[in-house]
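Beneath this line is the structure, given in structure tokens, with notes to follow.
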Amino acid sequence: MKPLLLVSELEDYTISFANGLASQMPVILGVPARRYRDMARWFRPGVDLRLLDWPRHSSPKNLGFLWSLTRLIRRERPSLVHLLSNTTLWLNFAAPLWRPIPLVTTVHDVRLHPGDRETQVLPTWATTLIARQSGDLVVHGESLKSLAVERFHKRPDHVHVLSHPSIQRYVELAAAEGLTRRASERPFTVLLFGRIFAYKGLEQLLRAEAALGNRIPDLRVVIAGRGDDPWTRRAEMGDPSRYEVHNRYIEDREAAQLFLDADVVVLPYAEASQSGVLNLAAAFGRPVIVTDVGELRATVEPSRIGLVVPPENPAALADALATLAERPALRRELGDNARAWAYGPNAPETVGARTAELYHRILEEHKAR
């Protein structure tokens with residue numbers, strides 16, 4: 001068994017997924033050199049990393065790239081090709097040339113998130129076509145499976161559920177660089193992290209902070225990530241002095257420090273499929289507060305790694321924040337559960353073992369046909 005993984009973005013997911021799978025079998029991973037060259041050190045020895053001259057979507061060089069990629073596939077003769085995202089354009093035109101090698105595609109978001117300007121640059125037909133060309137799809141939850149069956153016209157037995165593995169490399173980075181949680185007398189710190197687009201629920205967090213009044217006297221709200229500027233909504237903040245905003249791309253070391261310093265990580269999303277931020281928070285042992293959208297409840301509740309509130313309900317979010325601020329023992333319990341989940345049932349190696357079983361089933365069915 002020798003799979004070839006291909007992906008043009010999603011660095012954190014890709015590192016966790018490839019490393020976990022490499023604990024089960026040799027893995028070839030093809031990625032853009034411009035995005036992954038500086039991340040090569042995070043891959044384990046079982047990952048045969050191929051840094052490719054992968055052009056951007058708009059480049060005419062994609063035609064030459066497709067030919068060189070097809071030559072690579074014919075030379076390596078992988079057992080199957082697994083695209084770790086369907087957010088591709090040009091691979092649609094090369095996929096027919098790879099037959100009869102089985103093609104698997106992971107669909108992270110079956111529906112486009114509102115306000116996600118980065119994904120909107122791709123035409124819908126491109127993300128749909130590659131999924132339909134694939135013999136099998138992978139999604140991150142049962143509700144997403146139902147949506148994928150409907151959208152991509154797949155048989156249910158060809159859409160498979162694999163969880164998003166925990167993201168551990170920031171914890172490893174913190175340990176390697178001697179980072180620690182800053183002074184214990186810091187205010188109660190709430191972190192909203194990642195791309196700040198409409199669906200991420202920034203408005204709900206601002207309204208929840210305003211609704212809290214003085215229930216959490218030492219509250220600190222940290223918003224970190226590129227996207228919409230939170231200060232444009234200053235009028236909706238209860239107390240702007242409570243906020244610490246980093247409206248830009250967050251480098252790895254700074255991200256690790258932010259999670260070390262956080263008491264709670266909030267995901268007040270208006271819409272979601274799953275969340276890489278949740279898998280990062282869990283690795284740091286940080287409890288989460290999530291809204292009941294997508295697979296978030298199904299992820300959080302069974303393992304007791306946080307609290308779940310209704311979407312677009314700032315009063316409920318405010319109550320949840322106050323509960324965790326006032327009950328440090330509950331915070332510790334949920335945080336311990338989160339860390340145990342991230343390094344146990346949802347560890348990259350655990351997800352890798354499930355993936356290996358899935359690959360074997362796909363290949364057996366392919367041979368039978």
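FYI, side chains are in, hydrogens and waters are out, and symmetry mates aren't considered; it's all heavy atoms of this structure. Given the structure is predicted, the values throughout are model-derived calculations rather than measurements.
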Can you list the steps and then say if N337 with S303 is a side-chain hydrogen bond (donor to acceptor under 3.5 Å, both in side chains)?
-> CA-CA 7 Å; N337 291 344; S303 301; over 6 Å; no
Separation between CG of D261 and CG of L191, rounded to the nearest 0.5 Å | 9.5 Å
For residues R35 and W54, determine if any side-chain heavy atom of one lies less than 4.5 Å from a side-chain heavy atom of the other.
-> no
Euclidean distance, E142 CD relative to E295 CD, rounded to 0.5 Å = 7.5 Å
Scan V104, I362, L137 and name whichever one has a side-chain contact (heavy atoms from CB on, under 4.5 Å) with H160.
-> I362
Enter the distance from R44:CZ to S23:OG here, rounded to the nearest 0.5 Å.
-> 7.5 Å
Any sub-3.5 Å donor-acceptor pair from N86's side-chain atoms to T127's backbone N or O?
-> yes
Are L202 and V266 connected in a single hydrophobic cluster, I mean Ile/Leu/Val/Met/Phe/Trp/Tyr linked by side-chain heavy atoms less than 4.5 Å apart?
-> yes
ring-ring contact (aromatic ring centres under 6.0 Å, His included) with F284: of F193, Y170, F259, only one passes, and it is F259
Any side-chain donor near an acceptor of the partner, Y359 and Q24, under 3.5 Å = no
Considering only NZ, NE, NH1 and NH2 on the basic side and carboxylate oxygens on the acidic side, decide whether R234 and D229 come within less than 4.0 Å.
-> no
I would like to know whether S16 and Q168 meet side-chain hydrogen bond (donor to acceptor under 3.5 Å, both in side chains); could you show each step before the answer?
-> CA-CA 7 Å; S16 290; Q168 300 175 0; over 6 Å; no
Give the intermediate values and the outcome of side chain to side chain contact (heavy atoms under 4.5 Å, CB included) for residues V277 and Y269.
-> CA-CA 12 Å; V277 174; Y269 300 169; 4.1 Å; yes
Closest non-hydrogen contact found for P55 with R34 is O-NH2, 3.6 Å
Do L63 and F93 come close enough that some side-chain heavy atom pair is under 4.5 Å?
-> no
Side chain to side chain donor-acceptor pair (under 3.5 Å), paired with T128, selected from R151, Q133, H153 = R151
Group every Ile, Leu, Val, Met, Phe, Trp and Tyr by side-chain heavy-atom contacts under 4.5 Å, then state whether L52 and Y36 land in the same group.
-> no
Step by step, would you call S85 with H108 a side-chain hydrogen bond (donor to acceptor under 3.5 Å, both in side chains)?
-> CA-CA 7 Å; S85 170; H108 295 270; 5.2 Å; no
Counting distance only, does the side-chain N/O of D336 pair as donor-acceptor with the main-chain N or O of E333 below 3.5 Å?
-> no
For the residue pair H140 and H164, does the interplanar ring angle fall in the parallel (under 30°), tilted (30 to 60°) or perpendicular (over 60°) class?
-> tilted
Which is it for T291 and L267 under the side chain to side chain contact (heavy atoms under 4.5 Å, CB included) test, yes or no, and what are the steps along the way?
-> CA-CA 7 Å; T291 45; L267 292 80; 5.9 Å; no
Taking all heavy atoms of L10 and all of L84, pick out the closest pair and write down the distance.
-> CD1-O, 3.8 Å
Between atom CG of L129 and atom CG of L91, what is the distance when rounded to the nearest 0.5 Å?
-> 11.0 Å
Write down the atom of L179, the atom of A256, and the distance for their closest heavy-atom approach.
-> CD1-CB, 4.1 Å
With hydrophobic residues grouped by side-chain heavy-atom distances under 4.5 Å, do L212 and M237 end up in a single group?
-> yes
With D263 as reference, evaluate R220, R181, R286 under the salt bridge (charged side-chain N to carboxylate O under 4.0 Å, His left out) test and give the passing residue.
-> R181
Got a sec: does the CH2 of W231 have more than 12 other heavy atoms crowding it under 6.0 Å?
-> yes
How many angstroms lie between NZ in K2 and CD1 in I28, if you round to the nearest 0.5 Å?
-> 4.5 Å
All heavy atoms of A18 vs all of L29, minimum pair found to be CB-CD2, 4.2 Å
What do the steps show when you test V159 against F152 for side chain to side chain contact (heavy atoms under 4.5 Å, CB included), and what is the final call?
-> CA-CA 10 Å; V159 181; F152 302 118; over 6 Å; no
With L162 as reference, evaluate V139, T106, L358 under the side-chain contact (heavy atoms from CB on, under 4.5 Å) test and give the passing residue.
-> L358
Any side-chain heavy-atom pair of L80 and W98 under 4.5 Å = no
Run the numbers on E251 and Y249 for side chain to side chain contact (heavy atoms under 4.5 Å, CB included), then give the verdict.
-> CA-CA 6 Å; E251 297 290 346; Y249 175 77; 3.8 Å; yes
Has the side chain of R169 got a donor or acceptor atom that lies under 3.5 Å from a matching backbone atom of I15?
-> no
Quick one: NE2 on H82 to CG on L21, what's the gap to the nearest 0.5 Å?
-> 9.0 Å
Side-chain contact test, heavy atoms from C-beta onward, threshold under 4.5 Å: evaluate it for L334 versus R304 and give yes or no.
-> yes
Quick check: are there more than 12 heavy atoms from other residues, nucleotides or ligands sitting under 6.0 Å from CG of N214?
-> no
Close side-chain approach of R361 to E365, heavy-atom, < 4.5 Å = no
Student check: side-chain heavy atoms of L219 and V221 closer than 4.5 Å = yes
Taking atom CZ of R37 as the centre, does the number of heavy atoms from other residues, nucleotides or ligands within less than 6.0 Å exceed 12?
-> no
Is any side-chain heavy atom of P268 less than 4.5 Å from a side-chain heavy atom of I289?
-> no
If Ile, Leu, Val, Met, Phe, Trp and Tyr residues are connected whenever their side-chain heavy atoms lie under 4.5 Å apart, and connections chain through other members, are I196 and V264 in the same group?
-> yes
Transitive ILVMFWY side-chain link I250 to V245, under 4.5 Å | no
Check: L260 and T180 side chains under 4.5 Å, non-hydrogen atoms | no
